[in-house]
Amino acid sequence: MNDGEFVKEIASKDEAFSQWYIDVVKKADLADYTMVKGCMVIKPYGYALWENMQQCLDKKIKATGHKNAYFPLFIPESLLTKEAEHVEGFAPEVAWVTHGGEQKLEERLAVRPTSEAIIGSLYSKWVHSWRDLPILINQWANIVRWEKVTRPFLRTTEFLWQEGHTAHKNQQEAEEETLKILLDVYKEYIEKDLAIPVLVGKKSSNEKFAGAVHTYTLEALMGDGKILQAGTSHNLGQNFAKAFDIRFLDENQEEQYAWTTSWGTSTRLVGGIIMVHGDERGLKMPPKVAPVQVVIIPILFDKTKQEVLKKARELETTLSEKFRVELDDRDAYTPGWKFNEWEMKGVPVRLEIGPRDMANSQVVAVRRDKGNKTTIKETELISTLEKWMEDIQNNLYMSAKVKLEENIRFAGQYSEFKEIMEEKLGFVKAYWCGSPKCEDQIKKDTKATIRCLAMEENDEKGKCIYCGKESSSLVYFGRAY
RNA sequence: CGGGGUGUAGCGCAGUUUGGUUAGCGCACCUGCUUUGGGAGCAGGGGGCCGGAGGUUCAAAUCCUCUCACCCCGACCA
């Protein structure tokens, strides 16, 4: 079974990655285009994936003491403009509501591009004493950003996400929160549940969130060598507290501004799953979030049809206690057609049951990550599947991890840097003096930006990849989505 | 927002250069029969304001003007 032998409906991943991506999104039935530019429908199969992702992440968010709430979609202009850097950052992509019915509004309303402003204004009402802190709130919501160039999941005008907003009584607690989200919540979620390995680190000031003191980020390598920002966690310092007047009396009866954080991940990660795990045949779903973990395909012949179907239904019922199972008993399609379709949709394990298998009390099973057929005794089915789900999850993570590591290259010379960006992409690790000028110039030359500053301590000094000035700060560059 | 490209059936396209029968093909869809262990076969059938608006002409998918949408490449962004 060679790659690409069966599925001809999707473009070649190597030759036309972005077409391949669109084909997979459409053919795997994750999403569809609509009448409104940049606004996609997330179809049931794609939405089921998102719901599983939400569940995994929501659990972790709640386990770290956060509670969910819901804030308004509309933000009065006067509120949005309170934090100067914030407005400036988001102004070009804000959608405005100017009328209610036929009546022009006194003040126009922004459709939230993010909720710092509206939430900040409410925290200011809720926080009076150090005893009111911390406030640890998360919301699942839709967001609108008027993008010029859109792509399903990766960049859409409206998208779904989760945004956490917390307020703390001191700087240290806020910083701890920012890091806890980064490492204990997001990194765990993205690596363990989505099987996507990431580099974590701080953003350069060019790349940080508009209005933040600093931003931590998780960066993932995609199948074409470009980099996807998978999540961000911002320490907002007292910037937003000052803009929105979030004040409290501390233990020493002194008035202070609160220290706030915010953090988010979005439906963009669906795109990440596609681009990290997918292959020539389509999607590969990590078992933990796969909408369907096991698909059963009955092999039907006239004489044995009824008994095989009955057996298949029994299997469906038994397995459903442990797994997300789908029985594909559609009459109009041949088994071969179904094999290809479910492979395109990335279902981790396929079971085939036919008369031959029934006679031997077994099923034929195929792992999406391996592709070869094996037979499993019915009595061992559940235990084998349990083990397989874990194996597949690990296997997806490990192969992505190997690819990531192979694609982190150190560059000491700028010529070397440019060559890597021309020919290989991936991450380039290099010294950087800290000057935004060097960063901008590198971007102009190579389209690569600083994805993040390396987290690990570094005692050695090196030379800035661009200007040659001495520096001890190592950073990762890459071409971003 | 600049450069390029494409709009014809649900999808993918041909037809446009050189205007002229009833606009065609593949896939998908519907009906029936035979099939079903890696995208089944045959027979029959349905589906179109040729992106939209104006014009030129006896006659426009085809020529002219304007418009809209989408895609790719560059400048900005979760």
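In what follows, chains are A, B, ... by sequence order, proteins preceding strands, each numbered from 1. Note that these values count all heavy atoms, side chains included, but never hydrogens, waters or copies made by symmetry.
By the 5.5 angstrom centroid cut-off and the 30-degree plane limit, A/Phe159 is classified as stacked against the base of B/rA78.
Regarding A/Met40, its CE atom lies at a distance of 16 Å from the P atom of B/rC70, rounded to whole Å. When the P atom of B/rA40 is taken as reference, atom CZ of A/Phe339 falls 11 Å away, rounded to whole Å. Between the C1' atom of B/rC77 and the CZ atom of A/Phe153 lies a distance of 19 Å, rounded to the nearest Å. For the pair A/Leu218 CG and B/rA78 P, the interatomic distance rounds to 15 Å; values are reported in whole Å.
Looking at heavy-atom distances under 4.0 Å, A/Glu147 makes contact with a base. Using a 4.0 Å heavy-atom cutoff across all strands shown, A/Arg330 reaches no nucleic acid atom at all. Residue A/Glu352 is classed as a base contact, given a heavy-atom separation below 4.0 Å to a base.
Nearest-nucleotide assignment on RNA chain B puts the 5′-proximal partner with A/Ile353, out of A/Gln19 and A/Ile353.
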Collect all protein-nucleotide pairs involving nucleotides 4-12 of chain B in which both atoms are nitrogen or oxygen and the distance is under 3.5 Å.
none

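For the contact set between residues 356-364 of chain A and RNA chain B, defined by any heavy atom under 4.0 Å, the members are A/Arg356, A/Asp357, A/Val364.
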Atom pairs and distances, donor-acceptor, side-chain atoms in residues 296-314 of chain A, under 3.5 Å, two or more places apart:
unit_1	atom_1	unit_2	atom_2	d
A/Lys305	NZ	A/Asp331	OD1	3.4
A/Lys311	NZ	A/Glu378	OE1	3.0
A/Lys311	NZ	A/Glu378	OE2	3.3

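Side chain to side chain, A/Asn340 and A/Tyr333 fail the donor-acceptor criterion of an N or O pair below 3.5 Å.
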